[in-house]
Amino acid sequence: MTIITRIIKGCLCLLALGTVTVGSLSGRAQTEKPSALVKVGDYRASTDFLNLSAYYQTTRPVTVKVAYVSTYKTQHTIMQKLTLPAGLTVAGNLTTTKHGSYLVPSLQLYLARLSYPALQNSAKANYTLDPGTSAYSPQATISDTTKLRAFKRVAAPDYMPGYSHGDLYIGGAKAALSPVEPTTKSIRITPDGYVEVLKYDTKANAGLGFYQKPVSLAKIVKTRFHDPNRTLYLNHPLASVKTKVITQNGQTRYRLTLKNLHTPQHIAGDPETGTAGTFDSLYSIGGTTYYTFIGYDGVSN
């Protein structure tokens, strides 16, 4: 998610501020209950404004229609069928939508966060799955009862960084606080269990630079979590990211550690214009610092 798409206008909710000592986020923070207060640096932030992703797993194959936009040119949006195989974990949000005079259960799916392999069965040359205008834009909404039954709620995967949607951009505190859009390298941890290394495509249309084919990817075979470290065991090494060889045989041959530095960064908003402030977490990955967007602070006005 880019800095521009972080901005939310018109939020009328109040952030509870505190004078607490600089604190850390819980390692399993995205499983906090809504409306809880957690420490984010010098703030006590409401989880109403932080990234509380829910996760669902398919119990059988499900086909949905998704929008694709032109990667490099100005062309019409096209709709494509995307098949989600059985056993796929995807980020989602259970809500309701209006059908006539009734409200029916609906599941919003954040498919743009899935791995490159998961999206390939729907890909068309020179088109990119439309990520939407923000990290909270769903790419499909399911209200059909039969299809809804094909999804079961599961716990947040241990490999997902706390409060993060999985996109981590290279750079430390200075980069996290910069108004300049990231245009170098990023690492993406996907809900369906991949680590992807992405290089920004400068030729792609705005907002699509980090959604192109990864320069490298590996399947997460196993995860060990002990705060502040998430240790991911991979079946392949990653290009330009330091992974440690632990064995010459089997699937768990390589190891990559995500270390939460517990030094969250805060970009102040503007209550007069209804613009929310934002939070980022810093992680050390392979000896390099990355930052990831974790949510808003809310706005009072």
Side-chain angles (χ1 to χ4, degrees), residues 1 5 28 30-34 47-48 50-71 76-125 127-160 163-167 188-196 207-208 211-214 217 219-220 223:
M1 173 179 171
T5 57
R28 302 178 191 275
Q30 66 261 47
T31 62
E32 293 281 355
K33 293 181 180 179
T47 53
D48 288 335
L50 299 178
N51 295 336
L52 286 171
S53 291
Y55 294 88
Y56 297 83
Q57 191 175 79
T58 53
T59 58
R60 58 177 174 79
V62 179
T63 299
V64 295
K65 283 190 175 181
V66 292
Y68 272 76
V69 293
S70 177
T71 306
H76 293 298
T77 299
I78 62 173
M79 299 300 294
Q80 296 278 101
K81 288 184 178 180
L82 172 66
T83 299
L84 309 177
L88 185 81
T89 299
V90 60
N93 175 47
L94 189 61
T95 183
T96 57
T97 54
K98 188 175 182 180
H99 281 245
S101 58
Y102 297 94
L103 290 175
V104 298
S106 300
L107 180 61
Q108 296 176 325
L109 299 176
Y110 303 111
L111 303 175
R113 303 180 200 171
L114 288 174
S115 66
Y116 184 79
L119 299 175
Q120 272 306 92
N121 70 78
S122 178
K124 183 178 179 179
Y127 276 83
T128 302
L129 181 71
D130 187 358
T133 57
S134 79
Y136 303 102
S137 299
Q139 284 68 53
T141 300
I142 295 176
S143 56
D144 178 78
T145 303
T146 302
K147 287 187 177 181
L148 283 175
R149 291 194 185 114
F151 292 86
K152 65 176 182 180
R153 178 74 181 268
V154 294
D158 280 345
Y159 46 74
M160 295 300 297
Y163 286 123
S164 171
H165 289 150
D167 48 337
R188 178 175 295 156
I189 312 297
T190 70
D192 54 322
Y194 281 84
V195 181
E196 297 182 335
L208 303 180
Y211 286 92
Q212 304 314 308
K213 184 177 180 178
L217 62 82
K219 179 68 176 174
I220 301 170
T223 304

List the steps and the verdict of side chain to side chain contact (heavy atoms under 4.5 Å, CB included) for Thr83 and Val64. CA-CA 6 Å; Thr83 299; Val64 295; over 6 Å; no
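- Rounding to the nearest 0.5 Å places NZ of Lys219 at 5.0 Å from OH of Tyr194.
- Side-chain contact between Asn121 and Leu82: present, with at least one pair of heavy atoms (C-beta onward) separated by less than 4.5 Å.
- Between the side chain of Gln139 and the backbone N or O of Leu111 there is at least one donor-acceptor pair closer than 3.5 Å.
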Using the side chain to side chain contact (heavy atoms under 4.5 Å, CB included) rule, take Thr97 and Val104 through it: C-alpha gap first, then chi angles, then the decisive distance, then the call. CA-CA 6 Å; Thr97 54; Val104 298; 3.7 Å; yes
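- For the pair Thr58 (side chain) and Pro85 (backbone), a donor-acceptor distance under 3.5 Å is present.
- Side-chain atoms of Glu196 come within 3.5 Å of backbone N or O of Tyr116 as a donor-acceptor pair.
- Considering all non-hydrogen atoms of both residues, Gly207 and Pro131 come closest at O-CG, 4.1 Å.
- Side chain of Ser122 to backbone of Leu119: no donor-acceptor contact under 3.5 angstrom is found.
- Proximity of Val66 to Leu129: side-chain heavy atoms (C-beta onward) are separated by under 4.5 Å at one or more points.
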As a quick check of understanding, evaluate side-chain hydrogen bond (donor to acceptor under 3.5 Å, both in side chains) for Ser53 and Asn51, giving each step before the final call. CA-CA 6 Å; Ser53 291; Asn51 295 336; over 6 Å; no
Let me see the working for Gln212 and Thr128 under side-chain hydrogen bond (donor to acceptor under 3.5 Å, both in side chains), right down to the final yes or no. CA-CA 7 Å; Gln212 304 314 308; Thr128 302; 3.1 Å; yes
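- Leu107 contributes atom CG, which lies 9.5 Å from atom OG1 of Thr95 (distance to the nearest 0.5 angstrom).
- Taken from CD1 in Ile189 to OG in Ser115, the straight-line distance is 12.0 Å, to the nearest 0.5 Å.
- Side-chain contact between Lys124 and Ile78 is present, with at least one heavy-atom pair separated by less than 4.5 Å.
- Side-chain contact check for Ser143 and Ser106: no donor-acceptor pair (N or O, by modelled atom type) lies under 3.5 Å.
- Side chains of Thr190 and Asp192: a donor-acceptor N/O pair is present below 3.5 angstrom, by distance only.
- A donor-acceptor pair is defined here as one N or O able to donate and one able to accept, closer than 3.5 Å; no such pair exists between the side chain of Gln108 and the backbone of Pro138.
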Step by step, work out the side chain to side chain contact (heavy atoms under 4.5 Å, CB included) result for Tyr159 and Val195. CA-CA 10 Å; Tyr159 46 74; Val195 181; over 6 Å; no
Worked check of side chain to side chain contact (heavy atoms under 4.5 Å, CB included) between Tyr211 and Thr71: CA-CA 9 Å; Tyr211 286 92; Thr71 306; over 6 Å; no
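- Residues Leu114 and Leu88 form a side-chain contact, since some pair of their non-hydrogen atoms from C-beta on lies under 4.5 Å apart.
- Note that CG of Asp158 is 6.5 Å distant from OG1 of Thr223, once rounded to the nearest 0.5 Å.
- If you look at His76 and Tyr127, their ring centroids are not closer than 6.0 Å.
- Considering only heavy atoms from C-beta on, Thr89 comes within 4.5 Å of Pro157 through its side chain.
- The two residues Tyr56 and Asn93 make their nearest non-hydrogen contact at CE1-N, 4.3 Å.
- Among all heavy-atom pairs drawn from Thr77 and Ala67, the shortest one is CG2-CB, 3.7 Å.
- Here NZ of Lys65 is found 11.0 Å from OG1 of Thr63. Values are rounded to the nearest 0.5 Å.
- Atoms CZ and CZ, from Arg188 and Arg113 in turn, are 10.5 Å apart once rounded to the nearest 0.5 Å.
- Side-chain contact between Leu52 and Tyr163 is present, with heavy atoms from C-beta onward closer than 4.5 Å.
- Proximity of Tyr55 to Met160: side-chain heavy atoms (C-beta onward) are separated by under 4.5 Å at one or more points.
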